[in-house]
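Step one of this worksheet: look at the structure below.
First the proteins, then the strands, lettered A, B, ... as listed; each starts at 1.
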Number of protein chains: 2
Amino acid sequence: MNTVCLPLGMARDEIVKMDELIKERIRVPKGSALYQQGDASEAIYGLRSGSLKTQIQDRRGQAQITGFLLPGEILGLDGLMDNTQVSHAIALEDSEVCVIRLDEMDQIASRLPILQTQLRRLMSKEINRSHTLLLALGGLRSEQRVAAFLLNLSERFQALGYSPSAFILRMSREEIGNFLGLTLETVSRLLSRFTRDGILDVRHREVHILDRHALQALAETDGG
Amino acid sequence: MNTVCLPLGMARDEIVKMDELIKERIRVPKGSALYQQGDASEAIYGLRSGSLKTQIQDRRGQAQITGFLLPGEILGLDGLMDNTQVSHAIALEDSEVCVIRLDEMDQIASRLPILQTQLRRLMSKEINRSHTLLLALGGLRSEQRVAAFLLNLSERFQALGYSPSAFILRMSREEIGNFLGLTLETVSRLLSRFTRDGILDVRHREVHILDRHALQALAETDGG
DNA sequence: CGATCAATTGAGCCGTCTCAATTTGGGTGG
DNA sequence: CCACCCAAATTGAGACGGCTCAATTGATCG
């Protein structure tokens with residue numbers, strides 16, 4: 001359970017202390033928000049089960065999905081600047097998170113210094129994830145983006161102990177498109193094409209990766 | 001000086017303690033790297049003078065500039081995941097940074113808890129900056145991106161006490177294009193067009209914003 | 001079983017990229 | 001100080017990728 005909430009390599013006795021931190025849990029029904037832009041934020045959240053999307057929105061309503069979250073991943077790291085949420089976190093299916101209050105965390109961290117390091121790592125990881133995504137949006141063709149997206153999901157499912165070659169997309173084509181800077185039609189067309197080429201088997205939201213090698217090649221091809 | 005290195009609102013007596021942290025400085029000549037992908041990282045850096053770019057690179061050489069840094073801003077927050085740099089930081093002009101070692105920081109933070117909070121805020125801010133950039137690359141037209149880029153620079157120069165309406169671009173058209181997910185030609189064409197329309201006066205790398213209102217309108221127009 | 005929303009597929013258009021030719025500016029050595 | 005050279009920037013013409021608009025099919029859920 002705790003490994004789900006702050007999974008980076010901690011010793012067993014350290015995990016015991018962690019229990020003090022993680023008392024509270026929140027259920028988030030499909031379609032509802034764990035938090036919204038403008039909410040006060042004194043905590044971060046570890047996703048225990050289900051999946052969520054996070055998105056930001058500018059003043060005129062233009063939205064950008066910044067991430068899809070799977071169990072074991074952390075939400076709310078972008079809200080620690082001034083204790084106000086700057087993004088929305090919305091459940092893609094019925095989900096459950098555990099709550100890690102920042103003030104409690106600081107108290108415990110005085111006895112368990114590694115905790116600060118862990119948080120720092122998690123935040124740094126999120127920065128890297130964003131930067132990688134920037135590279136995708138700035139430099140990759142639509143084909144490569146969708147291929148890379150599927151491979152990324154695949155790896156994360158595998159890390160959770162699920163099959164890397166067969167999984168369910170919990171998000172719509174439109175959400176994938178928004179995330180990747182494409183339209184839903186482009187995403188749909190590419191999934192169809194990959195299927196036609198024998199690389200995938202896509203039925204609705206169920207994806208089977210038939211030729212991982214070809215998919216990796218697509219993700220890395222120079223587009224020429 | 002210290003306000004430059006960790007500028008978020010700290011009381012005067014707190015700043016005194018900060019002096020212990022920031023002994024070392026590094027000069028970075030134009031074109032050279034403060035650090036490179038793969039280097040060990042035990043510190044973060046506060047930019048004192050000059051300007052730098054940070055960029056990541058995937059295995060086949062595809063590069064993405066993830067930020068342009070101005071004095072007072074922090075570098076290296078993306079390298080705290082496993083003490084290895086994942087990006088390059090390259091000086092756009094002769095620059096100077098101060099060094100903040102993470103282990104020293106943790107020691108001092110035990111007497112000065114606000115320090116952890118500050119770092120957390122800085123990292124959260126960087127996450128938000130990346131997410132905002134994602135929105136730009138994913139959802140804005142070239143026109144809007146370039147307009148938003150100029151306005152962002154303008155605000156940051158103003159925050160430093162410089163003119164918000166007249167400044168020098170320290171980066172090439174190619175670097176701007178890479179950062180914004182555009183080609184250098186597109187950037188050049190747009191700067192020319194904005195000039196033709198009386199919104200800007202662009203001479204080489206010297207930019208004058210003549211009609212801020214129009215520029216803001218461009219950055220926010222729905223593209224229709 | 002009908003209503004509604006998600007996904008697929010097609011046709012045509014537009015914006016941005018690509019390729020290429022000039023122009024301009026900065027730095028260097030004669 | 002001027003001439004030259006190289007890199008950066010501008011500008012143009014044409015191609016192409018992804019978007020827009022639109023119609024159809026397929027799921028999901030009362």
Side-chain angles (χ1 to χ4, degrees), chain A residues 29-31 53 62 64-65 90 92-94 136-150 168-197 200-208 218 221-224, chain B residues 29-31 53 62-65 90 92-94 136-150 168-197 200-207 218 221-224:
Chain A
K30 175 174 178 172
K53 65 173 174 178
Q62 162 84 280
Q64 173 70 39
I65 295 175
I90 298 164
L92 297 174
E93 58 190 313
D94 289 350
L137 296 206
L140 303 188
R141 317 210 146 285
S142 61
E143 220 181 48
Q144 301 173 286
R145 294 187 207 181
V146 173
F149 172 73
L150 292 172
I168 306 282
L169 299 173
R170 304 251 89 115
M171 68 296 286
S172 68
R173 302 288 189 266
E174 183 171 18
E175 288 168 327
I176 297 172
N178 179 293
F179 179 62
L180 296 176
L182 303 169
T183 58
L184 69 97
E185 292 94 332
T186 297
V187 173
S188 177
R189 269 185 258 270
L190 287 169
L191 291 178
S192 297
R193 187 159 104 222
F194 293 170
T195 299
R196 212 176 307 126
D197 293 348
L200 300 179
D201 182 15
V202 180
R203 295 225 170 96
H204 330 310
R205 294 191 176 186
E206 192 177 335
V207 175
H208 288 250
L218 276 174
T221 300
D222 270 309
Chain B
K30 175 175 179 172
K53 65 173 173 178
Q62 162 85 279
Q64 173 69 38
I65 295 175
I90 298 164
L92 297 174
E93 59 190 313
D94 289 350
L137 296 206
L140 303 188
R141 318 206 148 286
S142 62
E143 220 180 49
Q144 302 174 286
R145 295 186 206 181
V146 173
F149 172 72
L150 292 172
I168 306 283
L169 299 173
R170 304 253 89 115
M171 68 295 287
S172 69
R173 302 288 189 266
E174 184 171 17
E175 288 168 328
I176 297 172
N178 179 293
F179 179 63
L180 296 176
L182 303 169
T183 57
L184 69 95
E185 292 95 331
T186 297
V187 173
S188 176
R189 269 185 258 270
L190 287 169
L191 291 178
S192 297
R193 187 159 103 222
F194 292 170
T195 299
R196 212 176 307 127
D197 294 348
L200 301 178
D201 183 15
V202 180
R203 296 225 170 95
H204 329 309
R205 295 191 177 187
E206 192 177 334
V207 174
L218 275 174
T221 299
D222 270 309

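- Contact of the B/L191 side chain with the B/R173 side chain is registered, since non-hydrogen atoms from C-beta on lie closer than 4.5 Å.
- Contacts of B/R170 classified as salt bridge (charged side-chain N to carboxylate O under 4.0 Å, His left out), with partners at least two apart in sequence or in another chain: B/E93.
- Remark: A/H208 engages A/E206 in a side-chain hydrogen bond (donor to acceptor under 3.5 Å, both in side chains) (not counting sequence neighbours).
- Qualifying salt bridge (charged side-chain N to carboxylate O under 4.0 Å, His left out) partners for A/R205, counting only residues two or more places apart in sequence or in other chains: none.
- Annotation: side-chain contact (heavy atoms from CB on, under 4.5 Å) contacts of A/Q62 (sequence neighbours excluded): A/D58, A/R60, B/L135, B/L140.
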I'd like a table of atom pairs between the protein and nucleotides 18-20 of chain C - only N or O on both sides, under 3.5 Å - with the distance next to each one.
residue: C/dT18; atom: O4; partner: B/R189; partner atom: NH2; Å: 3.0
residue: C/dC19; atom: N4; partner: B/E185; partner atom: OE2; Å: 3.0

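- Overall bending of the helix from C/dC1-D/dG30 to C/dG30-D/dC1, expressed as the angle between end axes built from five pairs apiece, is 40° (10° steps).
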Set out, line by line, the N/O atom pairs under 3.5 Å between protein and nucleotides 23-30 of chain D.
residue: D/dA27; atom: OP1; partner: A/H204; partner atom: NE2; Å: 3.0

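- For the pair B/L184 CG and D/dT10 P, the interatomic distance rounds to 9 Å; values are reported in whole Å.
- Every residue two or more places apart in sequence or in another chain that forms a side-chain contact (heavy atoms from CB on, under 4.5 Å) with B/E175 is listed here: B/K53, B/I65, B/F68, B/L92, B/M171, B/S172.
- Take A/R203 and apply the side-chain contact (heavy atoms from CB on, under 4.5 Å) test, not counting sequence neighbours, and it matches A/D201.
- Contact check of residues 172-181 of chain B against DNA chain C (heavy atom, cut-off under 4.0 Å) returns B/G181.
- We find that CZ of B/R196 is positioned 11 Å from C1' of D/dT10, with the value rounded to whole Å.
- Per the geometry, CD belonging to A/E143 stands 12 Å off C1' belonging to D/dG18, to the nearest Å.
- Here B/S142 pairs with B/L182, B/T186, B/L190 under the side-chain contact (heavy atoms from CB on, under 4.5 Å) rule; sequence neighbours left out.
- Here B/R205 reaches the OP1 or OP2 of D/dA9: one of its side-chain N or O atoms lies under 4.0 Å away.
- One can place CD of B/E206 at 16 Å from C1' of D/dA9, the figure rounded to the nearest angstrom.
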Can you tabulate the close N/O pairs, meaning under 3.5 Å, that link protein atoms to atoms of nucleotides 5-7 of chain D?
none

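- Taking atom CZ of B/R203 as the reference point, atom P of C/dG25 lies 10 Å away to the nearest angstrom.
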